[in-house]
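Working notes, beginning with the structure itself.
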Amino acid sequence: MTAAPEPAAGGALPAGGVMRVMGAETEYGIHAPSAPSANATMMSARVVQAYAQVTRQRAAGGAETRWDYTDEEPLHDARGWTVDRGAAHPSQLTDQPPVLDAEAVALAYGREELELDGQDESGTLLMNMVLGNGARLYVDHAHPEYSSPEVTNPRDAVTWDAAGDLVALAAVRRLAADPDLPPVNLYKNNTDNKSVSYGSHENYLMPRSVPFGDIVRGLTPFFVTRQIFCGAGRLGIGQDASASGYQISQRADFFEAEVGLETTIRRPIINTRDEPHATADKYRRLHVIIGDANLSQVSNYLKFGTTAMVLSLIEAGLAPKVEVYEPVQALQTVSHDTSLTATLRLLDGRRVTALDLQWMYHEAAAKLAQDTGVGDAVDGDGHTHDVLERWATVLTQLDSNRAAAASSVEWLAKLSLLDGYRQRDNLDWDDARLGLVDLQWSDIRPEKGLYYRFLARDRMQRIVDDAAIVSAVGEPPADTRAFFRGKCISSFGKDVVGASWDSVIFDVPGYGRLQRVPTREPLRGTKTLTGALFERYREAGPFLAELLGHNTAPPAA
Amino acid sequence: MAGQEQTQPQSRDSQVDEDIPEAPPAPPEAQASASTEGVDDLLDEIDGVLESNAEEFVRAFVQKGGQ
């Protein structure tokens with residue numbers, strides 16, 4: 001194995017607050033209105049392909065890179081075992097590259113079109129890219145997915161997740177300008193309202209020393225209730241939306257278990273997939289599948305910030321000692337109660353509202369942040385104070401001033417629009433126009449997406465400005481290994497043949513073999529540690545030679 | 001190994017002038033409010049943005065399973 005890429009150890013993040021290594025994954029809903037029966041996997045591959053064409057315009061030498069599946073372990077369960085491959089659902093086998101064969105292409109557009117252009121395309125369609133900002137853009141099942149680069153705080157999580165929406169938008173624009181292909185719409189939502197759901201996942205790095213049972217106990221009541229500020233809102237009740245009405249969460253009705261490994265069937269509130277994508281004996285990557293995809297920046301910010309804060313509570317052994325009776329049912333009770341007055345039964349007999357539970361977590365988090373000093377407005381870690389303030393503000397508004405909360409809480413913003421239509425036009429909840437409002441809220445095109453119409457009118461608050469988001473489309477975060485990955489792509493893309501969360505693989509002329517640079521420590525490979533190295537070299541060969549600590553000869557792997 | 005994407009036709013590049021879209025200019029500190037002021041105006045704008053034939057559009061939005 002080759003040497004670690006950095007000359008010195010990365011520093012740890014301040015503990016006790018919201019800072020930790022985290023990242024977002026967004027699966028976009030995909031639809032071609034002019035070709036409604038088009039194969040979704042094929043269309044998703046075209047989205048990736050389109051973005052590859054966009055980046056080729058910007059990055060000389062090409063910025064596309066294959067994914068390195070070496071360290072994917074989708075069947076490792078955090079509770080301490082591994083599922084037999086034969087017993088796994090096919091959709092769980094995410095460590096194998098998806099294959100888009102001629103048959104799928106033929107199904108998508110018919111044999112004739114396959115004859116015309118599909119033959120060539122079917123063999124070459126790109127399913128995976130690593131981007132210059134450190135993210136991954138790929139085809140996940142039947143959706144295009146953007147996985148953000150690793151960041152260290154919730155503000156950056158918002159920035160690089162929103163950058164993914166611009167990546168997706170660039171692909172949509174590219175396809176729309178191609179006269180030979182049907183235009184493709186992408187939606188940042190989580191259900192087609194016809195019984196299918198697709199995810200937006202969060203990832204948080206935790207020390208492996210924290211017992212998984214503590215995580216389950218500490219997080220479950222929080223996950224049941226955090227939707228009151230980060231739910232994206234959904235028209236229809238039940239997985240197939242067969243009952244009319246409006247609910248807080250896109251995802252709640254699709255959850256059927258408390259704890260489990262699956263992500264596509266019998267979805268659990270706490271997911272146990274245990275692929276650390278890092279040094280496995282030190283870290284676990286907590287894979288959170290219960291969240292809604294957020295366009296609202298405040299909802300997204302609070303989703304990451306408060307969850308990171310609760311993980312700090314769990315690590316400190318200070319999570320509120322509460323247990324919700326039948327949490328799956330409670331999750332749906334909360335989602336279906338837009339009045340926020342429903343009470344949940346706790347195992348100790350108390351009955352509390354979702355707001356009550358959130359205030360318990362806020363109180364504990366504020367105390368820990370004060371005790372550790374990270375929550376100080378001046379001398380703190382620069383993030384925790386703001387998260388705690390906004391968390392409290394939103395909880396207060398949800399209780400007493402919902403009109404104010406609607407400028408930050410996504411489900412309330414969408415509800416205000418639906419209510420406007422209902423009142424003006426006397427519409428019932430099952431009117432198709434309301435269904436269209438619900439869907440089109442999440443269209444990622446600013447001229448069509450109703451969230452973006454709200455944003456343009458300043459009806460939604462911002463956490464980060466547009467310039468920061470645009471910059472994050474091309475630039476990696478400076479303070480994680482994503483910097484190293486992204487800069488390798490943007491500086492030496494033509495010599496990078498593969499990459500993953502914890503490796504970058506070079507094929508450099510003159511080296512007899514591929515050079516796999518492991519990046520197992522998420523807080524190394526930062527700009528501080530490697531920025532000067534990237535500035536010193538224009539060619540991958542000498543860059544690698546200095547990085548790997550030898551002057552000329554390739555290392556023995 | 002990186003050859004597969006290099007074989008993609010390049011001719012389309014010149015037809016497209018869209019790159020990463022410019023985001024709309026940032027407003028001053030958002031004074032966002034969901035008050036009823038301007039709701040009629042807002043709905044009028046959104047009327048003009050909504051896809052035509054709502055029923056058919058919503059019905060046709062069918063997704064394959066995801067995570």
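Letters A, B, ... mirror the listed sequences (proteins, then strands); counts begin at 1.
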* To do: For A:H143, enumerate each residue passing the ring-ring contact (aromatic ring centres under 6.0 Å, His included) test, keeping only those at least two apart in sequence or located in another chain.
  => A:Y198
* ring-ring contact (aromatic ring centres under 6.0 Å, His included) against B:F61, all qualifying residues, sequence neighbours excluded -> A:H31, A:Y187
Segment of [X] engaging chain B (4.5 angstrom heavy-atom cut-off):
X	result
A:N189	side chain
A:D438	neither
A:L412	neither
A:E447	backbone
A:F454	side chain
A:R424	side chain
A:I289	neither
A:L417	both
A:N185	side chain
A:T191	backbone
A:K194	side chain

* Asked: Does the salt bridge (charged side-chain N to carboxylate O under 4.0 Å, His left out) test come out yes or no for A:R445 and B:E51, once each step is laid out?
  -> CA-CA 13 Å; A:R445 294 170 296 173; B:E51 307 281 358; 3.4 Å; yes
* Give the intermediate values and the outcome of side-chain hydrogen bond (donor to acceptor under 3.5 Å, both in side chains) for residues A:Q53 and A:R174. => CA-CA 8 Å; A:Q53 291 172 341; A:R174 178 84 190 192; 3.2 Å; yes
* **Heavy-atom pairs under 4.5 Å with chain A, option from B:I46, B:D47, B:L50 with the top count** => B:L50
* Structure fact -> Comparing A:E25, A:H201, A:E145, A:E27 against chain B, the one with the most heavy-atom pairs below 4.5 Å turns out to be A:E27
* Top contributor to chain B contacts, counting heavy-atom pairs under 4.5 Å, from A:L434, A:I469, A:V196 -> A:V196
* Residues A:R422, A:D431: salt bridge by 4.0 Å N-O rule -> no
* **Pairing of A:R267 and A:E262 as salt bridge, 4.0 angstrom limit** => no
* Asked: For the side-chain contact (heavy atoms from CB on, under 4.5 Å) test, which of A:D425, A:D419, A:L427 pairs with A:Q423?
  -> A:D419
* Non-hydrogen atoms of A:S197 and A:N190 that approach each other most closely -> OG-O, 2.7 Å
* Asked: Is any side-chain heavy atom of B:K64 less than 4.5 Å from a side-chain heavy atom of A:H141?
  -> no
